[in-house]
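The chains referred to below are lettered A, B, ... by the order of the sequence lines, with proteins before strands, and numbering in each begins at 1.
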Protein chains: 2
Amino acid sequence: MSGKKQNLPRYRQVYEILRKHIINGVYREGDMLPSENDLCQTNGITRPTVRLALDQLVKDGFIKKQQGKGSIVCAQPKGIGILSVAGTTTAIGKENLKTKILEGPVIRKWDDPFIFPLSDVEKESGCIYMERVRLVNNKPLFYDITFLPNINLPRFTSRTFENRSLFDILRRSYQIKVIGGEQRLKAIPAKGKICQHLDVKEGDPVLHLERKINTNRIDFNFYSTLFCNTTEHDLFGIF
Amino acid sequence: MSGKKQNLPRYRQVYEILRKHIINGVYREGDMLPSENDLCQTNGITRPTVRLALDQLVKDGFIKKQQGKGSIVCAQPKGIGILSVAGTTTAIGKENLKTKILEGPVIRKWDDPFIFPLSDVEKESGCIYMERVRLVNNKPLFYDITFLPNINLPRFTSRTFENRSLFDILRRSYQIKVIGGEQRLKAIPAKGKICQHLDVKEGDPVLHLERKINTNRIDFNFYSTLFCNTTEHDLFGIF
DNA sequence: TAACTTTACTTGTAAATACAAGTTATATTG
DNA sequence: CAATATAACTTGTATTTACAAGTAAAGTTA
């Protein structure tokens, strides 16, 4: 719980450690995590702090808690966990994932009408637009159109996004942290660019997600339209 | 905070009150909720307890909190909020909603292979099966196939579900409370019964959800396969 | 009057304590 | 040895206290 780089809140640090342990197989499905009191002792923190970490693990689906018994590790979800998380890199995992830039990032006007209501500031500043395809095992999974408000993102358009996570870049270069969002979703027949980029036939069913992604920067949200070919991969989420 | 029926934890009671206020328009989008300290005073509880209630409102998308500023009411989401909640009645709202029973509830064997892994106990006990159509404004929105483990649900098959919420019945008659779950989702072409029950053409894109719904009863989950016609209604969720 | 500083207020993090409710292990009794 | 009771352990709820960090209002100074 020390070191310059580790300036996360303590509960967050414990959460990250436990999460990594679960992801790395140290704790497997059905295993009990150490008790809250044990975690207090091993981490030198008090129980309310431990509970914050555990509650976040519950919220993210890694564990289930049962009064009197303990915290049980859940099965690792299958499928693409895009419904519960913001980023496609997180949802897919970095292995097997490729990103191809189709267009952008370029500064341009917002689509009109746009998929979500825009503030006057957003409207005035225009957006940074880019189109990407995300491929898993070299097959297109997502056709992803991203719209970022052109507000305080210096030199954004000169950055490279090939095989890189947009969220990582936002966090490291601009201190913008994604904190959640909302989405709408429907099934539509593929047509036009969607057929081309997802390698599906005209009329094939694809998923269409429209997302508004919230960040820690006040009044800075960004937007994403995703088309997803679910032939080989379900989308997954918890609620 | 008193009365026999109100045996919810205090943080839960405050959550319910505030949520109702937001839903009923007492607080509107952009309004600030009372500060944490104000809520402590008006409700006679301490701040950690208030914070639990507010954190749940954040989690459910009703408010956003900003350090130093307060808790701001979010816009009420549009669309069918099925992606973030367990029940279709909650997702749709009770107005304009009709439920038609197509089949069941009947006791029968689980589908094999089944959409989620089953425990030995579940396999052995078989399932209670029913098919429903949920209609909004008299148009079919969901074709809902539900599988409940045939475990400790006395007289379940003699109950009526026409225009009634399954979750309500489980809670009131069996003290089974839904506490969340997981879902998988894809876009598929409609065929067979789906065309018939959702009133769509062969090959039209529909959403296919497979859900495992967790309850407060230990080792008692139930399952649902939903087909959704998203022509007129998006599905909505927060993450 | 504008700019700066201070104060008051708000949410975020954390510790310490206490009691309740549920589960499991151990001890006791028949 | 089986059944029951008790103790130990685990998570759930709640209070109290303290400090940190951010926002907005009020006060002071130039």
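In this structure, A:Lys69 places its NZ atom 14 Å from P of D:dT10, rounding to the nearest Å. One interatomic measurement links the two molecules: NZ of A:Lys64 to C1' of D:dG12, which rounds to 17 Å at whole-angstrom precision. In this structure, the CG atom of A:Leu39 is 16 Å from the P atom of D:dC9, given to the nearest Å.
By the salt bridge (charged side-chain N to carboxylate O under 4.0 Å, His left out) test, B:Asp60 is found to be paired with no residue, residues two or more places apart in sequence or in another chain being considered. Partners of B:Glu36 according to the side-chain contact (heavy atoms from CB on, under 4.5 Å) rule, which considers only residues two or more places apart in sequence or in another chain, are B:Arg47, B:Val50, B:Arg51, B:Leu54, B:Lys65. With sequence neighbours left out, B:Tyr11 forms a ring pair (Phe, Tyr, Trp, His ring centres under 6.0 Å) with no residue at all. With sequence neighbours left out, the salt bridge (charged side-chain N to carboxylate O under 4.0 Å, His left out) criterion links A:Asp31 to no other residue. Taking the ring pair (Phe, Tyr, Trp, His ring centres under 6.0 Å) definition, one finds that A:Tyr15 meets it with nothing, sequence neighbours left out. For B:Phe114, the ring pair (Phe, Tyr, Trp, His ring centres under 6.0 Å) partners are B:Trp110, B:Phe147, B:Tyr223, not counting sequence neighbours. A:Tyr27 pairs by the ring pair (Phe, Tyr, Trp, His ring centres under 6.0 Å) definition with A:His21, not counting sequence neighbours. A:Asn150 meets the side-chain contact (heavy atoms from CB on, under 4.5 Å) test with A:Ile107, A:Ile128; sequence neighbours excluded.
Within the structure, salt bridge (charged side-chain N to carboxylate O under 4.0 Å, His left out) contacts touching residues 17-28 of chain A (residues at least two apart or in different chains) are A:Glu16-A:Arg19.
For DNA chain C, the contact window with chain B, defined by any atom under 4.0 Å from a protein heavy atom, covers C:dT10 to C:dT13 in 5' to 3' order.
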Protein-nucleic acid N or O pairs under 3.5 Å, nucleotides 14-16 of chain D:
{"from": "D:dA14", "atom 1": "OP1", "to": "B:Arg10", "atom 2": "N", "distance (Å)": "2.4"}
{"from": "D:dA14", "atom 1": "OP2", "to": "B:Arg10", "atom 2": "N", "distance (Å)": "3.2"}
{"from": "D:dA14", "atom 1": "OP2", "to": "B:Tyr11", "atom 2": "N", "distance (Å)": "3.3"}
{"from": "D:dT15", "atom 1": "OP1", "to": "B:Arg10", "atom 2": "NH1", "distance (Å)": "2.9"}
{"from": "D:dT15", "atom 1": "OP2", "to": "B:Thr46", "atom 2": "N", "distance (Å)": "3.2"}
{"from": "D:dT15", "atom 1": "OP2", "to": "B:Thr46", "atom 2": "OG1", "distance (Å)": "3.0"}
{"from": "D:dT15", "atom 1": "OP2", "to": "B:Thr49", "atom 2": "OG1", "distance (Å)": "2.6"}

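The residues A:Glu210 and A:Arg184 are annotated as salt-bridged, a charged nitrogen and a carboxylate oxygen being separated by less than 4.0 angstrom.
DNA chain C is contacted by no residue of residues 26-38 of chain A, taking any non-hydrogen atom closer than 4.0 Å.
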